[in-house]
Amino acid sequence: MNILLPIAAFWPMAGALICVLAGRKSDKMKFLTADAVMMIEFGLMMILLIQTLNGSSLSFQISGVFGTGLHLKLDGFRITYGLIAAFMWLMTTIFTEEYLHHYQNKMRYLAFTLATCGATVGVFFSADLLTTFVFFEIMSFTSYIMVIHDQNKEALRAGETYIAVAVIGGMAMLMGLFILYQFAFTLEMNQLFAILEHELDNPMIWIAGILILCGFGAKAGLYPLHIWLPKAHPVAPAPASALLSGILTKAGIFGMIVITMEIFREEAAWGALLLGLGVITMVLGAVLAVFSCNLKRTLACSSMSQVGFITVGLAMCVFLGHHNALAVRGTVLHMVNHSLIKLLLFMCAGVIYMNLHELDLNKIRGFGRNKTLLKILFLIGALSISGVPLFSGYVSKTLIHESILEYIPMTDAAGLFSFVETVFVIAGGLTFSYMTKLFVCIFVEKNSNSALQKKYDDKKNIMNAVSSTVLIICAVVLFLLGIIPNITANAVADFMQSFLHGHSPEHAVHYFSSVNLIGGGKSLLIGALVYAFVIRGVLMSHTKDHSDYLQRWPNWLDLENLLYRPLVQHIIPFIFALLCRIASELPEALMKMLNHTLLKKVKIKDRDPKDFEPASLVSESTLSPMVSGIESSLSFSLLLFGLGVVLAMIYMLTSLF
Amino acid sequence: MNYLMMIAIAFPIIWGACLPLLHYKEADRSSRNKYALTGTLITSALVLLNVFTFKSNAGFQLIQLTDKMSIVFDVDALSCVFLCLIAILWPLAVLYAWEYMHHEGKENKFFSFYLMTYGIVIGLACSANLITFYLLYECLTFATIPLVMHAMNRRAIKAGRKYFMYSIAGAATAFVGIMFLVNYGTSLDFIYGGTLDLVKIGSQQNLILFGYILTFFGFGVKAAVFPFHGWLPSAGVAPTPVTALLHAVAVVKAGVFAIMRVTYYSFGAAFLSGTWAQSIVLSFACFTIVFGSVCAWKQQHLKKRFAYSTISNLSYILLGVGMMNAQGLCAGLAHMLIHGIMKICLFFCVGVVMEKTHREYVPEIEGMGRVMPITFGCFTIGSLSLSGIPLFAGFISKAALGTAAVSSGLPLGLAGLCALLISAVLTAAYTFEIVIKAFFPSKGFNTRHLREFKDPSWQMKTPLIVLSVLMILIGLHGTELMNLLSKIAMNLM
Amino acid sequence: MLGLITGLIVFPMITGVLCLLPVFQDDRRRNLFTASVLGLNFIFVLLCFAQEGSFDLLHLSDHLSLRFMFDGAGRFFLLLAGLMFLMVGIYSFEYMTHEHNRPRFYVFYLLTLGALNGVCLAGNYMTLYCFFELMSLLSMPLVLHSQTEESISAAKKYLLYSVFGASLGLGGFFLFTVYGGSTNFVTGGVIANELHQLQLSSELLFQRNMLLIGAFLAIVGFGAKAGMMPLHAWLPTAHPVAPACASAVLSGVITKAGVLAIMRVVYFLYGSSFLCSTWVQYAWLMLILITVLVGSTLAYKEKILKKRLAYSSVSQVSYILFGLAGLNTWSLTGALLHAAAHSMIKDVLFMGAGSIIMHGHTERADKIDGLGLKMPVTFACITVASLGLIGIPPLFGYISKWYLCTGSLIAHHNFFGWLGPVVLLISALLTAGYLFTLTINGYLKKEETESDAHEAGFLMLAPMLILCTLILICGLFPNLVTQLIEFVNTLA
């Protein structure tokens, strides 16, 4: 029973309150308190890390709180992700001071960001699915405020989609949990597999699994429920988007891992489902990123695609079963890499947006030509995400690629998996292409209108010292993971793999062997080709003096407006409300009918009825006086009769000729 | 002591008859009223004396018509219930009539016939055999016709004629039924368990049952059963003391009392229970219950509304009686008593409203609750009791009726229960509509023109208050009453 | 024992009537008087936690008697009613300043409290029916307080539905007295105790069917007050016309009287084992699920604020009935937890709606854009309450949903088992739809026309804040409430 665990989860929430109280006086105080809170949190995480490293497995259980009790636990994966979460929140909080300088209601943003941090740490530390669900719901609602910070129309609309997906996902997950509870009578993660192992043929378990996958997948941004991701990021402040795509998607994936590893550990059917969703998400994300002309939207779609990569990795863990060492390490490492990469890239985007208040590629073109520091930082991020050797992305991508190759001889559906492998490589290529598109557009090309370019060139200090140090730290951490994989990456992988019941590989993986290098090279080649022909050729219009990026993706082809919004907002409510209106009006209609027939008030003869019209039992639906007036008058019926005769005459005359 | 009963019957008739002889003029109105009230009080005292000593005295034979038929008077348990009811209510009605009849005029005629009717009803209650009962039943009709036609305008006469036609037709049909009893019964006396001679009946059981149905519908006219209820609403033209006392208590209860006598004391409940006759009785009773309440809700005229409500409540009693078992009879008696009190109180309130404000329609009484608090207070207690809200008298009898209906186990018993519930809801509807309109006028309503209406004088108020207190007392403490009635129903008294 | 009965039932009624005295025409003095009466009533409620057992006060007729009983269920609902009446009472002092003839409101307010305490303490079917009818009659003037044409016809409709419901209950009473035996409440059910001989002979089959019909009549009848399907139409018409504090009490607490009545009948008269897996339970579950769906859909489509909250009450109270219909300890705990949660949450929502109407000068839910900035505390309370009602974990609504759904899944083996939770969750979704938009419109949208809306006074905010903290505390530590309803495991 280690008290530090709940403190780690609830301290940021308490910190949010302290920040609100302390920050009344001045903005400076707000940011100082927020930074202090995050420093303490990060320190706490380091202490927990050290404790877990020297072997003590910490856990905390209390029944009664939240009704169904709270059960937190620590192991390699959880503490690493707790640390990453604390690190990312620390970095973004420090960065926000400069970013939010000229924004209003800073206090609200800071308070809710800290609360979300607490909830996310709670999700990562949870040891039973109910605690996960509790923190998950809190995280959904607090992060909603982060998304709609600007409060303009698009922000609210994106927020609406975000909260709708979050709530629907949450409810679906709750239903799944109910069904699971009905079978297992407990939701402790470690006991689930033992209890449900021999009941997996019961379809209810599969329904529960799929429902819970919906809940977690919605947050991770899996294919059918990804609609909020490309919409939310452009409107959210940059640090918020960094957290959203860096950590909150990982919380979703954490849930997916739990479900996959604790219930459907070796179920090939579940692996196929994950694989299908993963591949679609990967490809769709990459294609959307390639077509997008908005800096943050591209990064958002790239997050979606990377989530696809991770899901494919997870699917391979299921397929490979006992010897899934490679897939497990690949998935875990790719998650860590993706978090750090997106932290760096979104902060760079934040710096750009801070100065220009623009995200459209044509407008911010050529901004970074002479900004060497920003250029290097962005380059590190871009290279590692594209999987260029010597950078962290390459390490995890090769591991997953290796696991697919390893599985092909073992399975009889070799054709399918080789197709998956080729798609995997193409997607890697696409990643490289859209990252080069971004890099070339911002840091290499000249802006089409030269005056703007001149203004960009002589704009010297684009970020203050604090923000630059923050960015540098992130870049260094990322670089370390990539440059010496055998030491750093392997250590991290060994530490985290136990969560996915992974076994350490029989023989050491040498990343820079010829086979892996060729795989990485192949995807880079495809990326270059795609950039040269597709992006340069199709997606740009070249006139004689300048060329600009075109928005080729038809905006009607948007899953949300095409299918979800009309369905959820118009079609279902209309049908449903009609049925419910009929059902609820039934007893009412009976009363009205009785009131007009059997129980009709006898008219009072010798008094003129006008002065006391009886207030009938059921308030009559008041027909507009004009209509009732017309119905009763004789002249009106004569008028209609005349009209009928005239029409008949016309008809006869026309039919004659 | 048997001549005590004769005095009780003869005294009011003589007292009433010689009232016109004293030529009370318009001026000495109060002395005439006191005269009438003293007469009623003395009679009530006599009646109550009779009731408490009914055990000791034997019957009193007035005339011996033929070997089988004779005019005999004797007080037994059932008649005590009816006597108590009229003994309590008649003086209250006369007291109420003091001020009410002031603006109606022709008070001498009114009070004399009023007192004579009192004597006849006492005789009716104490009659020991069917012939005496039939004689007094007819006298009752003749005595009440001038009261109905009191106003002597066109509508009153039309209503009086209608009432006369209905009653005489009913009495004639009942007479045919009685002849079956003369032929097949051992004697015409009222003996608990019936006087039919089963040997003589042998195979003609259906004929006897047909005779019973004729008697039921004959006496049913006065008990306002569905097809023959027409006269009661139109009798509403009579002054309120008449409609309140006669058409809510005395005359209609005489009809129900007749059916009780015939069913339990002539034909015998054992003979009738389970037969098709019982099903006819029950189905007509159930239909009238719902029909009466529906028409009451439809009616806007205050008196007509409560007339229809009486029709419905009478069929409550007939439902109890139709159960053909002691529990049913006990429930019927309870409702007879309690309904008498409730309905007379409601009619008195309506009478006050009509007399003070000359308004007869429901929408017209908007906002009067604040101006005439006591009247409408008593009216609210009456309506609460009528719709069977617990802690008020109405609930006691309704509960007894409901339990009797269900425990009879007959499908028609359940139908009776449904009719009871539906009618209770409709009763609540048409009474509370008035209460809400009186106490909670709509927003824009100016009570300026209501300012001159105020509560009536003490003569009219005391009956209201006495009856309301009675209702609450019975409501809160009905155990002794119910035990007494169930003993009477089992013929143990 | 007798002292407490008079304290709880007769005392509020007498003080209610006293409000009419001229001495109390002045607002301040009357408010103090009412506040002290409500406070005293709350103390009486706490006192009766030490009492146990039952006794006959009055014999109305041979087998009808006024019987009072102190047991767990009664105490729980007494506490709920006492707390809510106190809170809404304090709120109403300021809210009623803009309404006319206030003394009359407080007269019927306190009379209804007396009748409600009577319902909670009723010891047998007759007393329950008696106070049930009295409560309908006494709460009717609260509905027609504004005396507009519409409110009077709404009050009439309310009265008629309640009286019709109560008369159905009376039908059940007759059937039970004849076929079931004594109507005194016994934990575990009168019938269930002698269940075995009922199943044997066929002649008793007729008796069993009669009892089942009686049970169904009572459930549908008392369900009218709880806004269940066939007789729910009065709720959406009565609430918008009543003053906000009246509708807060009406939907927060008086619907719970309907729930308590059904609970008494099902668990204390018939017994859960008698009604388990009979056609009564399935028909009842079907009615409940329809009501839940209809209630939340119509609430989702409704534009007028109070009407929307009324429809939401219709659906939320049917959640509680869903727990009752589960006929097992899990569902019953869920039902009672949800009863407590719904009372608190619905009262805060109606008080919030009242302050929006009074200070925000708007009755429609789609016209409250930007009011949140001008009335921050009111909207904060509304947000906390709506999150609770949707069932977001740290707040009180979540735990009751958990018990309800797991109870239904574990108990039922037929398709109701999983259909119930699915319907509850769809309805929770719709609840999020119609409640969360209030917060979003309030806080995040800009105000088009510059209105002079301002924050409500302290008297209005204090009860809302107290209840919101209660929602939070009970949400975090629900075992406080579960200890209160310990009696549950003896019932099912």
Rounded to the nearest 0.5 Å, what's the gap from [atom1] on [X] to [atom2] on [Y]? Could you check?
X: C:Cys130; Y: B:Phe392; atom1: SG; atom2: CZ; result: 9.0 Å
X: C:Glu133; Y: B:Leu384; atom1: CD; atom2: CG; result: 9.5 Å
X: B:Ile389; Y: C:Phe132; atom1: CD1; atom2: CZ; result: 12.0 Å
X: B:Leu476; Y: C:Leu58; atom1: CG; atom2: CG; result: 6.0 Å
X: B:Ser387; Y: C:Leu159; atom1: OG; atom2: CG; result: 9.0 Å
X: C:His59; Y: B:Glu480; atom1: NE2; atom2: CD; result: 11.0 Å

Considering only heavy atoms, which portion of [X] lies under 4.5 Å from any heavy atom of chain B: side chain, backbone, both, or neither?
X: C:Ile213; value: neither
X: C:His145; value: neither
X: C:Leu217; value: neither
X: C:Phe131; value: neither
X: C:Leu175; value: both

Locate the shortest heavy-atom distance separating [X] from [Y]; write the atom from each residue and the value.
X: C:Phe174; Y: B:Thr403; result: CD2-N, 3.7 Å
X: C:Leu160; Y: B:Ala429; result: CD1-CB, 3.4 Å
X: C:Val163; Y: B:Ala428; result: CG1-CB, 3.6 Å
X: B:Gly409; Y: C:Tyr179; result: CA-OH, 4.3 Å
X: C:Leu60; Y: B:Gly475; result: CD2-O, 3.3 Å
X: C:Ser167; Y: B:Val425; result: OG-CG2, 3.3 Å

Task: B:Ile422 versus chain C, the contacting section by heavy-atom distance below 4.5 Å - done: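 Neither part.
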- [ ] Select, from B:Leu420, B:Leu426, B:Ile396, the one with the greatest count of heavy-atom pairs under 4.5 Å involving chain C.
- [x]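 Most heavy-atom pairs under 4.5 Å with chain C: B:Ile396.
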Open item on the list: With a 3.5 Å distance limit and no angle check, can you tell me whether C:Gln147 reaches the backbone of B:Pro441 through a side-chain donor-acceptor pair?
Closed with: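 Indeed, once roles are kept as given, a pair shorter than 3.5 Å links the two residues.
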Open item on the list: Taking every non-hydrogen pair under 4.5 Å, which of C:Thr177, C:Thr127, C:Leu170 racks up the most with chain B?
Closed with: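 Maximum pair count with chain B is reached by C:Leu170.
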- [ ] Name the orientation class of the two ring planes belonging to C:Phe173 and B:Phe395 (parallel below 30°, tilted from 30 to 60°, perpendicular beyond 60°).
- [x]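 Tilted: the ring planes of C:Phe173 and B:Phe395 meet at 30° to 60°.
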- [ ] Decide side-chain contact (heavy atoms from CB on, under 4.5 Å) for B:Phe432 and C:Met140; before the verdict, give the C-alpha distance in whole Å, the side-chain angles of both, and the deciding distance to 0.1 Å.
- [x] CA-CA 11 Å; B:Phe432 289 135; C:Met140 180 262 299; 5.8 Å; no
